[in-house]
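Data block below; observations after.
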There are 2 protein chains.
Amino acid sequence: MSKCESCIVREFNALKSLTREELMRVSACKTAKIFRKGHVIFEEGETLNGVYCVKSGVCKLTKMSENGKDQVVKLVVKGGLLGKRSLVTEQKTNLSAVALNDMEMCFVPKSEIMDDLNKNPKFTMDVLKTMAEDLKDSDESLVNMAQKSVKRRMAEILMYIHDNFGTDDDGYLSIVLSREDYASIVGTATESAIRILSQFKKEDIISTSGKRIKIEDYHSLKWME
Amino acid sequence: MSKCESCIVREFNALKSLTREELMRVSACKTAKIFRKGHVIFEEGETLNGVYCVKSGVCKLTKMSENGKDQVVKLVVKGGLLGKRSLVTEQKTNLSAVALNDMEMCFVPKSEIMDDLNKNPKFTMDVLKTMAEDLKDSDESLVNMAQKSVKRRMAEILMYIHDNFGTDDDGYLSIVLSREDYASIVGTATESAIRILSQFKKEDIISTSGKRIKIEDYHSLKWME
DNA sequence: AATAAAATATGATTTTTGTCAGGTTTTTTT
DNA sequence: AAAAAAACCTGACAAAAATCATATTTTATT
């Protein structure tokens, strides 16, 4: 198995239902692409004709609000897929994708996958499962956004990043975000995000080194009112 | 075609891909149920073994937040389906469903649909499409919740109900919600919801009669800062 | 119809969050 | 290495929203 195959398979378990031949074919027509930090992979309103699979690096999926502020909807890392919706609908994408650091991605044209999607019910069912999971996560996010304070939301995104994407050798969160990104995930003003992180620092809940953040007291984050 | 068939078909267009025979079979094993206003149809954490299709009435899908407040995630009316996710995953439902007025529903056991879902790729593909649409709506809601003021969100839910569920003969919104429900949709305190609606009344943007609300000045709602 | 209960309403106050304005530090470019 | 740009930080204040307390109205129950 090529490296890309295993990459897609690992996280997007929908692809695990493809037969060996199907998988080989999909894998064969992939196109590797490199995106530099800050690069826009696609933008809200574009028509996507395939999915991107993340081989390395991290990107954010954002949506522009009417007030002109970007809202981060999701972070996507190694093995994650961008543009899933494009497989299913002809509609333009509702999200933008921006690389948060240098990224390697595979692009798989829609045409290659559609055939399997139409003929292999098990495969379609598995795609359905991942989408149902996304939907559940989305409900969760909505409730968090609606019912929790900015401070609580900040605490949770720190723990989320810690738990899902891990830390580097020095114990710093392995995903490095700007304060503006934090604000845009939590859904608050940049100054408010900065202020809260400063407060956490004062209370020795986190420490920082430039943009990098280390969680010093997970317990306090978890049980913060 | 029986009444129920056409009901399911009308809104859940996923079912339109079923063959005539498949549809007849599904339709045959449905169970009609009545739920009174306030009745809990199912609760977060329950295992669902089928989907409910709304024949008449309205219900809310809610999720409990850690702070103990319910958040309304979605309103479902005639033709809408509850428990879609249960078709796809073995997991317990992440939402509760509560009737907002008297409701008539059809229950279709999972076992009946699963067969079609596994064998009819076009059907599965259509379910996939509705789920992708749900996901898009969900992204939209998240951004609204994160970036807009409570007042703006209240204005939007009023317009949403007006546009999607219409008005009665007197011009009042045909879905009648308690102030607490409004608060729980908008994601705010009940008092805040009441206060904002009172303010709209003072500004002659809406008028009320008991719980019922009539939009008097749609334009003001739309262009409210 | 009287009573009780629930929902709605409003004032007063506090807490949270946003905005503006001015800094400093870090990063990038020249 | 210097200059410019971007990101970060903090204070002061304003605005938004939550909370608490207490009426009033509506709805349900006896």
Side-chain angles (χ1 to χ4, degrees), chain A residues 36-39 60 65-71 98 100-102 144-157 172 176-203 206-213 224-225, chain B residues 36-39 65-71 98 100-102 144-158 172-173 176-203 206-214 224-225:
Chain A
R36 297 283 163 215
K37 180 183 174 181
H39 193 102
K60 59 179 176 182
S65 169
E66 284 162 34
N67 67 9
K69 282 185 189 168
D70 261 326
Q71 175 67 37
V98 178
L100 289 174
N101 44 34
D102 292 352
N144 287 344
M145 207 55 92
Q147 301 282 354
K148 293 178 181 173
S149 69
V150 172
K151 195 173 152 195
R152 193 81 250 276
R153 266 138 60 196
M154 183 65 84
E156 290 189 2
I157 185 63
Y172 289 94
V176 178
L177 299 171
S178 68
R179 302 294 194 256
E180 195 181 358
D181 282 327
Y182 276 108
S184 158
I185 293 170
V186 163
T188 190
T190 306
E191 295 96 321
S192 297
I194 291 173
R195 224 179 286 275
I196 287 169
L197 289 173
S198 297
Q199 194 197 334
F200 286 176
K201 238 182 345 186
K202 246 178 230 153
E203 294 168 355
I206 64 169
S207 62
T208 63
S209 163
K211 280 173 154 28
R212 298 189 309 155
I213 294 178
M224 178 167 298
E225 29 61 69
Chain B
R36 298 280 164 216
K37 181 182 174 181
H39 193 101
S65 169
E66 283 161 35
N67 67 8
K69 282 186 191 167
D70 261 328
Q71 175 67 36
V98 179
L100 289 174
N101 44 34
D102 292 353
N144 287 344
M145 206 55 92
Q147 301 282 355
K148 294 179 181 172
S149 68
V150 173
K151 194 172 150 196
R152 192 80 249 279
R153 266 139 59 197
M154 183 64 83
E156 291 190 1
I157 185 63
L158 291 174
Y172 288 94
L173 296 179
V176 178
L177 300 172
S178 69
R179 302 294 193 258
E180 196 181 357
D181 282 328
Y182 275 108
S184 158
I185 293 172
V186 163
T188 191
T190 306
E191 296 95 319
S192 298
I194 290 174
R195 223 179 285 276
I196 286 169
L197 289 174
S198 297
Q199 196 197 333
F200 286 176
K201 241 184 339 189
K202 248 179 230 154
E203 295 169 352
I206 63 170
S207 63
T208 63
S209 163
K211 281 171 151 33
R212 298 189 309 154
I213 294 177
K214 189 195 294 192
M224 181 167 295
E225 28 59 73

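To find a chain, count down the sequence lines: A is the first, B the second, and so on, and within it residues start at 1. Just so you know, these numbers come straight off a predicted model, no measurement behind them.
At the phosphate of D:dA7, neither OP1 nor OP2 sits under 4.0 Å from any side-chain N or O atom of A:T190.
More than 12 heavy atoms of other residues, nucleotides or ligands shown are found within 6.0 angstrom of CD on A:E156.
A:R212 places its CZ atom 15 Å from the C1' atom of C:dT27, with the value rounded to the nearest Å. To the nearest angstrom, C1' of C:dT17 lies 14 Å from CD1 of A:I194. Rounding to whole angstrom units, CG of residue B:D181 and P of C:dA6 are separated by 16 Å. Distance B:L177 CG to C:dT8 C1': 15 Å, rounded to the nearest Å. Summarising the geometry, the separation between CD on A:Q199 and P on D:dC9 is reported as 14 Å, rounded to the nearest angstrom. When the C1' atom of D:dA5 is taken as reference, atom CD of A:E180 falls 14 Å away, rounded to whole Å. One interatomic measurement links the two molecules: CD1 of B:I213 to C1' of C:dA7, which rounds to 13 Å at whole-angstrom precision. In this structure, CE of A:M145 is placed 16 Å from C1' of C:dT16, rounded to the nearest angstrom.
Distance check: B:K151 NZ to B:S192 OG gives 13.0 Å after rounding to the nearest 0.5 Å.
Remark: the backbone N or O of B:I185 is paired with a side-chain donor or acceptor of B:Q71 at under 3.5 angstrom. Panel note: side chain A:R36, backbone A:D102; no donor-acceptor pair is recorded below 3.5 Å. Without hydrogens or angle criteria, A:S149 side chain to A:R152 main chain gives a donor-acceptor distance under 3.5 Å. Not one N or O on the side chain of B:S209 forms a donor-acceptor pair closer than 3.5 Å with the backbone of B:R212.
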How would you summarise protein contacts on nucleotides 11-30 of chain D per nucleotide, using B for base, S for sugar-phosphate only and - for none, with heavy-atom distances below 4.0 Å?
BB----SBBB----------
